[in-house]
Protein chains: 2
Amino acid sequence: MQCQHWKKKFMGWGCRFTQPRQFIIDMLLKSNKHLTAEDIYIEVHKSYPNIGLTTVYRTLELLEKMGIVHRLDFGEGKSRYELSDGIGIENKTVHHHHHLICTNCRKIINYTDFSEQEIKLMKEIEAELSKKYNFKITAHQIYFYGLCAKCK
Amino acid sequence: MQCQHWKKKFMGWGCRFTQPRQFIIDMLLKSNKHLTAEDIYIEVHKSYPNIGLTTVYRTLELLEKMGIVHRLDFGEGKSRYELSDGIGIENKTVHHHHHLICTNCRKIINYTDFSEQEIKLMKEIEAELSKKYNFKITAHQIYFYGLCAKCK
DNA sequence: ATATCTGCAAAGACTTTGCATGAGA
DNA sequence: TCTCATGCAAAGTCTTTGCAGATAT
């Protein structure tokens with residue numbers, strides 16, 4: 001991992017690139033799943049047993065402000081985190097996957113197959129919104145709600 | 001309000017259309033905002049002081065399963081609720097509004113202006129997903145993340 | 001009559017805060 | 001050295017659960 005790259009990024013925010021932060025970022029890079037703070041805590045704990053859950057929360061908060069991670073919410077009562085679009089190694093950054101959530105049993109299906117048309121339209125919407133609301137859009141999430149096969 | 005309509009709906013789910021439930025639904029119909037459980041509790045409390053917060057939570061849970069409300073999550077650490085698409089009085093059902101969330105200051109902008117093209121495409125995607133995953137889609141939410149004018 | 005619903009209190013789960021210690025520049 | 005970051009413990013929120021009493025059909 002290019003430590004220098006991260007170090008610079010953190011220093012640009014007046015922050016230090018410490019060991020706990022390094023381990024947490026490594027973890028996020030390795031896993032491309034939606035991780036909860038506790039998932040990260042448990043995983044990082046294996047190689048860095050001194051880590052505290054508090055640090056994980058504080059680091060994730062910082063990383064979100066820095067635009068490195070995104071917080072997701074599936075209505076489970078806890079947040080999940082993933083790297084932002086464009087962050088990561090090569091083509092391991094599998095993003096723009098969206099979600100089908102069953103409103104009955106809360107089952108979640110990830111959905112990644114976006115057509116060219118869909119991607120094009122989302123970009124158009126983003127451009128339009130950026131202009132209209134003077135907002136710098138860095139990511140988007142789409143949630144579809146309904147009933148899964150079992151619950152129908 | 002057409003009580004009979006709701007009564008039937010509840011009975012179809014083996015549930016009773018009780019007073020607390022009636023008040024909560026009334027509240028949701030009157031307000032077209034994203035309400036938290038506590039918002040609803042405080043508001044209903046004015047006309048039905050015996051209401052308990054627990055009942056609000058339980059009712060919202062039930063209404064969500066019945067497909068009457070949708071739970072939203074803006075990463076505030078609490079859920080917000082709104083009536084599902086198609087539920088409500090006349091054109092008061094303002095739905096399909098989506099959200100721009102500032103990842104720095106957490107400011108939320110509601111966004112309602114969907115072009116014909118956007119609506120059409122979302123319908124197409126829904127149809128495609130319904131077929132592919134055998135899912136009955138009843139609603140969708142889009143979240144755009146980025147930096148607001150101030151935080152840019 | 002009887003199964004469901006309600007409200008209260010308590011418990012549970014996730015997240016944040018305070019503070020003394022420790023680590024990075 | 002001096003500021004920022006960490007970990008622990010405690011507190012804070014939101015939400016869920018248990019249970020006796022109340023309510024709807």
Side-chain angles (χ1 to χ4, degrees), chain A residues 3-4 6-25 27 34-42 44-66 68-69 71-81 105-106, chain B residues 3-4 6-25 27 34-42 44-66 68-69 71-81 105-106:
Chain A
C3 284
Q4 274 322 113
W6 291 109
K7 202 164 185 173
K8 272 186 195 165
K9 209 156 189 167
F10 275 86
M11 288 183 75
W13 280 75
C15 296
R16 292 167 185 171
F17 188 52
T18 62
Q19 265 203 294
R21 289 173 181 174
Q22 202 163 325
F23 276 104
I24 290 167
I25 290 179
M27 188 67 251
H34 310 317
L35 302 171
T36 64
E38 201 178 355
D39 290 341
I40 295 167
Y41 169 73
I42 290 169
V44 170
H45 189 269
K46 290 177 187 168
S47 39
Y48 188 81
N50 268 356
I51 191 89
L53 187 52
T54 308
T55 301
V56 176
Y57 277 108
R58 281 194 281 230
T59 301
L60 289 170
E61 189 189 354
L62 175 62
L63 291 177
E64 198 192 8
K65 287 209 172 188
M66 291 170 72
I68 293 169
V69 305
R71 205 199 303 193
L72 306 172
D73 227 307
F74 300 114
E76 304 163 290
K78 60 191 162 189
S79 299
R80 291 184 175 273
Y81 299 83
C105 69
R106 287 268 144 208
Chain B
C3 284
Q4 273 325 110
W6 290 109
K7 202 166 185 171
K8 271 186 198 165
K9 209 155 190 168
F10 275 86
M11 288 181 75
W13 280 75
C15 297
R16 292 167 184 172
F17 188 51
T18 62
Q19 265 202 294
R21 288 173 181 175
Q22 202 164 323
F23 276 104
I24 290 167
I25 290 179
M27 186 70 252
H34 310 316
L35 302 171
T36 64
E38 201 179 355
D39 290 341
I40 295 168
Y41 169 73
I42 289 170
V44 171
H45 190 270
K46 291 178 186 168
S47 39
Y48 188 81
N50 268 354
I51 191 91
L53 187 52
T54 308
T55 302
V56 175
Y57 275 108
R58 281 194 280 228
T59 301
L60 289 170
E61 190 189 353
L62 175 62
L63 291 177
E64 199 192 6
K65 286 209 171 188
M66 292 170 72
I68 293 169
V69 305
R71 203 199 304 195
L72 305 171
D73 226 306
F74 300 114
E76 304 164 291
K78 60 190 161 190
S79 297
R80 291 184 176 273
Y81 299 83
C105 70
R106 287 269 143 206

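Residue numbers begin at 1 in each chain, while the letters A, B, ... track the order of the sequences. It should be emphasised that the depicted structure is a prediction, and the values quoted were computed from it without experimental measurement.
Distances from the side chain of B:Lys7 to the nucleotides D:dT25, C:dA25, C:dC14 place D:dT25 closest. With D:dT15, D:dC4, D:dT17 as the candidates, the nucleotide lying closest to the side chain of B:Arg58 is D:dT17. With D:dT6, D:dA5, C:dT15 as the choices, the nucleotide that has an atom nearest any side-chain atom of A:Pro20 turns out to be D:dT6.
Distance A:Lys8 NZ to C:dG24 P: 20 Å, rounded to the nearest Å. Rounded to a whole Å, the CD1 atom of A:Ile51 is 9 Å from the C1' atom of D:dT6. Regarding A:Glu61, its CD atom lies at a distance of 10 Å from the C1' atom of C:dT15, rounded to whole Å. One interatomic measurement links the two molecules: CG of A:Asn50 to P of C:dA23, which rounds to 9 Å at whole-angstrom precision. A:Phe17 places its CZ atom 17 Å from the P atom of C:dA23, with the value rounded to the nearest Å. Separating the NZ atom of A:Lys65 from the C1' atom of C:dT16 is a distance of 14 Å, rounded to the nearest angstrom.
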**B:Leu62/B:Cys15 under side chain to side chain contact (heavy atoms under 4.5 Å, CB included): CA gap, chis, key distance, verdict** = CA-CA 9 Å; B:Leu62 175 62; B:Cys15 297; 3.9 Å; yes
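More than 12 heavy atoms of other residues, nucleotides or ligands shown are found within 6.0 angstrom of CD on B:Glu76.
Residue B:Thr54 places no side-chain N or O under 4.0 Å from the OP1 or OP2 atom of C:dG7. For D:dT15, the OP1/OP2 oxygens have a side-chain nitrogen or oxygen of B:Tyr57 closer than 4.0 Å. Checking the phosphate oxygens (OP1, OP2) of D:dT15, a side-chain nitrogen or oxygen of B:Ser79 falls inside 4.0 Å.
For D:dC4, its base sits under 3.5 Å from the side chain of A:Arg16 at one donor and acceptor pair at least. With hydrogens and angles ignored, no donor-acceptor pair closer than 3.5 Å exists between the side chain of A:Arg21 and the base of C:dG24.
Residues B:Phe74 and B:His34 have side chains in contact (heavy-atom distance under 4.5 Å, counting atoms from C-beta outward).
Between B:Trp6 and B:Phe17, the ring planes are parallel. Angles under 30° get that label, and only those over 60° would be called perpendicular.
Both B:Thr18 and B:Glu38 lie close to DNA chain D; mapped to their nearest nucleotides by heavy-atom distance, the more 5′-ward contact belongs to B:Glu38.
At a threshold of 4.0 angstrom between heavy atoms, the contacts of A:Tyr48 are confined to the sugar-phosphate backbone, with no base atom among them.
Salt bridge present: B:Asp39 and B:Arg80 bring a charged side-chain N and a carboxylate O closer than 4.0 Å.
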